[in-house]
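The structure appears below as structure tokens.
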Number of protein chains: 2
Amino acid sequence: MKSEIEVFREFIRKKGLRNTPEREAIIKEIFATHDHFDVDELYLRLKNKKQKISKPSIYRLIPYLLESGLIQEAYFEDGHLHYEHIYGHEHHCHLRCLKCGKIIEFEEKSLKKIEKKLAEKHDFFIKAHKFEALGYCSKCKVNI
Amino acid sequence: MKSEIEVFREFIRKKGLRNTPEREAIIKEIFATHDHFDVDELYLRLKNKKQKISKPSIYRLIPYLLESGLIQEAYFEDGHLHYEHIYGHEHHCHLRCLKCGKIIEFEEKSLKKIEKKLAEKHDFFIKAHKFEALGYCSKCKVNI
DNA sequence: GTATGTGCAAATCATTTGCATTCTC
DNA sequence: GAGAATGCAAATGATTTGCACATAC
């Protein structure tokens, strides 16, 4: 299986764009942890590693990462989008606590079937899906 | 079945807050169409009807509308959140075209079962779920 | 060599806040 | 009458853009 960097290089080449060390550093950092990320946090993680990469470079890269299928928007919270890397990882969905913000990831194969059904019914080519369940976790549900 | 205004009045009373004609006008406008809405668009709709209601009043009302269960966040697009009224309507999910932005709503009962399963497995109290399928509509999929 | 990418600083856009005034209860 | 809510204008915070310089191809 190709690495995420290889996938990106191929994508960039096909689009006639240029690759840079900044872009590869950002991608490596995104794939360095399992967690979701947001722009500011990713910027700080890179900064802590003494990588001088500006926020605009991150913002400018994101549309390409989405288009190449390396990442996906996960959810909108605290006034900004959160992303997750999806290449090479089992697709998963989120269960989010509305009180403490805790997020549990889970896998649900049956969603794939629903996706297929929808594609046929509405004549869509479905690329991805997002399923998010919102509620209160075991700790928070006691005093809603 | 209570009207949305009645539901809101009750919610406001329970919380010890105050109701105002501005709030009721906003709620009426939200429920006046079947469509999703965003703050700016709602503001303009009210303005066109010569209702002088400021954007901050809308922004300040939204958390209460979410809390009372009258509306729900639908999706984040074009740099801002889009909402939908959910009180008195069949719950539905979205199928969105990544190219033209077309949105198809659909109902999927089996998601309710998945929700229940998750609630048991992770000891959550689940209040709502969002399912969004992303892809290309019949027209757009021909030239991706 | 050319055109794309970068960092910086400034601009933009959605949302929030401070405050004086108005209104609900 | 007290405390909330409103509108306005200003502040905030995320994201985008203009531009001069650097660099990938």
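All chains are named by letter (A, B, ...) in the order of the sequence lines, taking the proteins before the strands, and each is independently numbered beginning at 1.
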Problem - Sugar-phosphate only, base, or nothing, as touched by Lys52(A) at under 4.0 Å among non-hydrogen atoms - result: sugar-phosphate

Practice task
Could you tell me the separation between the CD atom of Glu132(A) and the CZ atom of Phe131(B), rounded to the nearest 0.5 Å?
Solution key: 12.5 Å

Exercise for the section: Check the distance between dT12(C)'s C1' and Asp40(B)'s CG and give it to me in whole angstrom. Expected result: 14 Å

Problem - Check: His80(A)/Glu41(A) side-chain N/O donor and acceptor closer than 3.5 Å - result: no

Problem - Under-4.0 Å salt bridge between Arg9(B) and Glu6(B) - result: no

Problem - Partner set under salt bridge (charged side-chain N to carboxylate O under 4.0 Å, His left out) for Lys47(A), not counting sequence neighbours - result: none

Exercise for the section: Decide whether a cation-pi geometry holds between Lys99(A) and Tyr136(A); the criteria are a distance under 6.0 Å from NZ or CZ to the six-membered ring centre and an angle within 45° of the ring axis. Expected result: no

Practice task
Enter the distance from Leu44(A):CG to Glu29(A):CD here, rounded to the nearest 0.5 Å.
Solution key: 11.0 Å

Fill in the blank from the handout: When the rotation axes relating C1' atoms of four end pairs to the next four are compared across the helix from dG1(C)-dC25(D) to dC25(C)-dG1(D), five pairs an end, they differ to 10° by 40°

Exercise for the section: For the residue pair Glu84(A) and His92(A), confirm or rule out a side-chain donor-acceptor distance under 3.5 Å. Expected result: yes

Problem - Residues that Tyr59(A) engages under ring pair (Phe, Tyr, Trp, His ring centres under 6.0 Å), provided they are two or more places apart - result: none

Practice task
Calculate the interatomic distance between Glu41(A) atom CD and dA14(D) atom C1'; express it in whole Å.
Solution key: 15 Å

Problem - Passing candidate, side-chain hydrogen bond (donor to acceptor under 3.5 Å, both in side chains) with His91(B), options Gln72(B), His129(B), Glu107(B) - result: His129(B)

Problem - Residue from Ile12(B), Leu65(B), Ile58(B) passing side-chain contact (heavy atoms from CB on, under 4.5 Å) with Arg23(B) - result: Ile12(B)

Practice task
Measure from NZ or CZ of Arg96(B) to the centre of the six-membered ring of Tyr75(B) and say whether it is under 6.0 Å with the direction within 45° of the ring axis.
Solution key: yes

Fill in the blank from the handout: Ordered by number, residues from residues 66-86 of chain B within less than 4.0 Å of DNA chain D (heavy atoms) are none

Problem - Separation between NE2 of His85(B) and CZ of Phe37(B), rounded to the nearest 0.5 Å - result: 8.0 Å

Exercise for the section: For His36(B) and Glu77(B), test the side chains for any donor-to-acceptor distance below 3.5 angstrom and give the result as yes or no. Expected result: no

Fill in the blank from the handout: Ordered by number, residues from residues 56-65 of chain B within less than 4.0 Å of DNA chain D (heavy atoms) are Pro56(B), Ser57(B), Arg60(B)

Practice task
Whole angstrom is fine here: how far is it from OH in Tyr43(A) over to C1' in dT16(D)?
Solution key: 16 Å

Completion exercise
Within residues 5-31 of chain A, those residues having any heavy atom closer than 4.0 Å to DNA chain D are Arg18(A), Asn19(A), Pro21(A)

